[in-house]
**Student:** 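Supplied in structure tokens, the structure appears directly below.
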Amino acid sequence: FCIDNEPMILRSIDSLLTQWQCHSVTASSLSTALVAARAMDSPPDALLVDFQLDDETGFDVISALDDVWDDVVPAILMTADHADAIKRQALERGYHFLQKPITADSLMQALRAVLKTG
């Protein structure tokens, strides 16, 4: 489940996941993510969430989505912001952290990491 407010990034990640034979759900905001999440039959294997969205942060989105499902879904927080505080907060909350720009290799490594522990 990928949430990013940049359409090009969202399409690129979706395309990459499709190439890896993953089924992905995408959303561009908290509200669209909640609609999609409530329509799902089961929770996703992982969340890929951008930190800087238009009207909320990735932390807001992950927290709200956690309330939708009974299971805890492993989360990867992605950001172009280089502030150490964001990375520290992500790690303190148990999220994997990816610094943008994201490469196919770094995304694959992050997914492998959270799916092993998630």
Side-chain angles (χ1 to χ4, degrees):
F1 197 149
C2 183
I3 300 96
D4 198 303
N5 62 328
E6 295 291 333
M8 189 169 66
I9 292 173
L10 205 54
R11 281 192 304 275
S12 296
I13 291 174
D14 184 48
S15 175
L16 190 56
L17 292 171
T18 300
Q19 288 175 28
W20 293 339
Q21 299 179 1
C22 298
H23 170 73
S24 62
V25 174
T26 60
S28 60
S29 67
L30 174 56
S31 61
T32 58
L34 287 172
V35 169
R38 290 179 181 129
M40 296 172 72
D41 293 331
S42 60
D45 294 319
L47 299 174
L48 302 168
V49 183
D50 184 33
F51 175 71
Q52 296 171 310
L53 300 167
D54 292 331
D55 297 318
E56 56 267 331
T57 69
F59 294 136
D60 300 328
V61 172
I62 295 167
S63 178
L65 289 174
D66 278 345
D67 291 340
V68 173
W69 301 297
D70 292 333
D71 297 330
V72 173
V73 177
I76 300 169
L77 186 76
M78 310 176 292
T79 187
D81 192 320
H82 288 268
D84 288 334
I86 296 169
K87 181 176 183 176
R88 187 175 54 253
Q89 284 180 2
L91 297 176
E92 286 171 357
R93 293 174 187 221
Y95 308 151
H96 195 85
F97 181 84
L98 270 181
Q99 189 72 58
K100 288 182 177 182
I102 295 169
T103 64
D105 186 51
S106 66
L107 180 58
M108 177 63 81
Q109 287 178 16
L111 286 170
R112 285 182 175 151
V114 299
L115 294 176
K116 277 186 194 173
T117 60

**Student:** To the nearest 0.5 angstrom, please state how far the CG atom of Leu30 sits from the CG atom of Asp54.
**Tutor:** 12.0 Å

**Student:** Output the distance between atom CG (Leu98) and atom OG1 (Thr103), rounded to the nearest 0.5 Å.
**Tutor:** 8.0 Å

**Student:** Report, as yes or no, whether the 6.0 Å neighbourhood of atom CG on Asp67 holds more than 12 heavy atoms from other residues, nucleotides or ligands.
**Tutor:** yes

**Student:** Short question: side chain of Gln99, backbone of Thr79 - any donor-acceptor pair under 3.5 Å?
**Tutor:**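 Answer holds: yes.
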
**Student:** Could you tell me whether a side-chain N or O of Ser12 sits under 3.5 Å from a main-chain N or O of Met8, the two making a donor and an acceptor?
**Tutor:** yes

**Student:** Heavy atoms only: give me the nearest Gly58-Val49 pair and the separation to one decimal.
**Tutor:**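 Minimum heavy-atom contact is CA-CG1, 3.6 Å.
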
**Student:** Looking only at heavy atoms, which two atoms of Phe1 and Ala33 are closest? And how far apart?
**Tutor:**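 Minimum heavy-atom contact is CZ-O, 3.5 Å.
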
**Student:** Side chains of Ile13 and Met78: closer than 4.5 Å at any heavy-atom pair?
**Tutor:** yes

**Student:** Would a hydrophobic clustering, with Ile, Leu, Val, Met, Phe, Trp and Tyr connected at side-chain separations under 4.5 Å, put Val35 with Met40?
**Tutor:** no

**Student:** Answer yes when Lys100 and Asp4 have at least one side-chain N-carboxylate O distance shorter than 4.0 Å, and no when they do not.
**Tutor:** yes

**Student:** Within the structure provided, determine whether Ile102 and Ile9 are in side-chain contact (heavy-atom separation under 4.5 Å).
**Tutor:**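 No; the side chains remain at least 4.5 Å from each other.
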
**Student:** Nearest 0.5 Å, what's the CZ-CZ distance between Arg88 and Phe97?
**Tutor:**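 The CZ atom of Arg88 sits 11.0 Å away from the CZ atom of Phe97.
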
**Student:** Could you tell me which non-hydrogen atom of Ala113 sits nearest to which non-hydrogen atom of His96, and how far apart they are?
**Tutor:** CB-CE1, 3.9 Å

**Student:** Same cluster for Trp20 and Val25 if Ile/Leu/Val/Met/Phe/Trp/Tyr side chains link at under 4.5 Å?
**Tutor:** no

**Student:** What distance do Leu17 atom CG and Met108 atom CE have between them, rounded to the nearest 0.5 Å?
**Tutor:** 8.5 Å

**Student:** Drop me the distance from Asp50's CG to Glu6's CD, to the nearest 0.5 angstrom.
**Tutor:** 7.5 Å

**Student:** Once you round to the nearest 0.5 Å, how far does OG1 of Thr26 lie from CG of Leu48?
**Tutor:**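 These two atoms lie 11.0 Å from each other.
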
**Student:** Would Leu77 and Ile62 count as a side-chain contact (heavy atoms from CB on, under 4.5 Å) if you check the C-alpha gap in whole Å, the side-chain angles of each, and the deciding distance to 0.1 Å?
**Tutor:** CA-CA 9 Å; Leu77 186 76; Ile62 295 167; 4.3 Å; yes

**Student:** On a heavy-atom basis, which atom in Phe59 and which in Arg93 lie closest, and how many Å separate them?
**Tutor:**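 Residues Phe59 and Arg93, closest heavy atoms: CB-NH1, 3.3 Å.
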
**Student:** Answer whether the closest heavy-atom distance between the side chains of Leu47 and Val114 falls below 4.5 Å.
**Tutor:**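 The answer is no; the side chains never approach within 4.5 Å.
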
**Student:** With Asp55, which residues qualify under side-chain hydrogen bond (donor to acceptor under 3.5 Å, both in side chains), at least two apart?
**Tutor:** none

**Student:** Please name the pair of heavy atoms, one in Leu10 and one in Ala27, separated by the smallest distance, quoted to 0.1 Å.
**Tutor:**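 Residues Leu10 and Ala27, closest heavy atoms: CD2-O, 3.5 Å.
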
**Student:** Quick one: which residue pairs count as a side chain to side chain donor-acceptor pair (under 3.5 Å) with a foot in residues 34-46, not counting sequence neighbours?
**Tutor:**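 As it turns out, there is no side chain to side chain donor-acceptor pair (under 3.5 Å) pair with a partner in residues 34-46 once direct neighbours are skipped.
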
**Student:** Establish whether Phe51 and Val73 are linked, either directly or via other cluster members, by ILVMFWY side-chain heavy-atom contacts under 4.5 Å.
**Tutor:**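 Looking at the clustering, Val73 is in the same group as Phe51.
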
**Student:** Between Leu115 and Trp69, is there shared hydrophobic-cluster membership here, with clusters defined by ILVMFWY side-chain heavy atoms closer than 4.5 Å?
**Tutor:** no

**Student:** Tell me, do Ile3 and Leu53 make a side-chain contact under 4.5 Å, heavy atoms counted?
**Tutor:**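 In short, these two side chains touch, coming nearer than 4.5 Å.
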
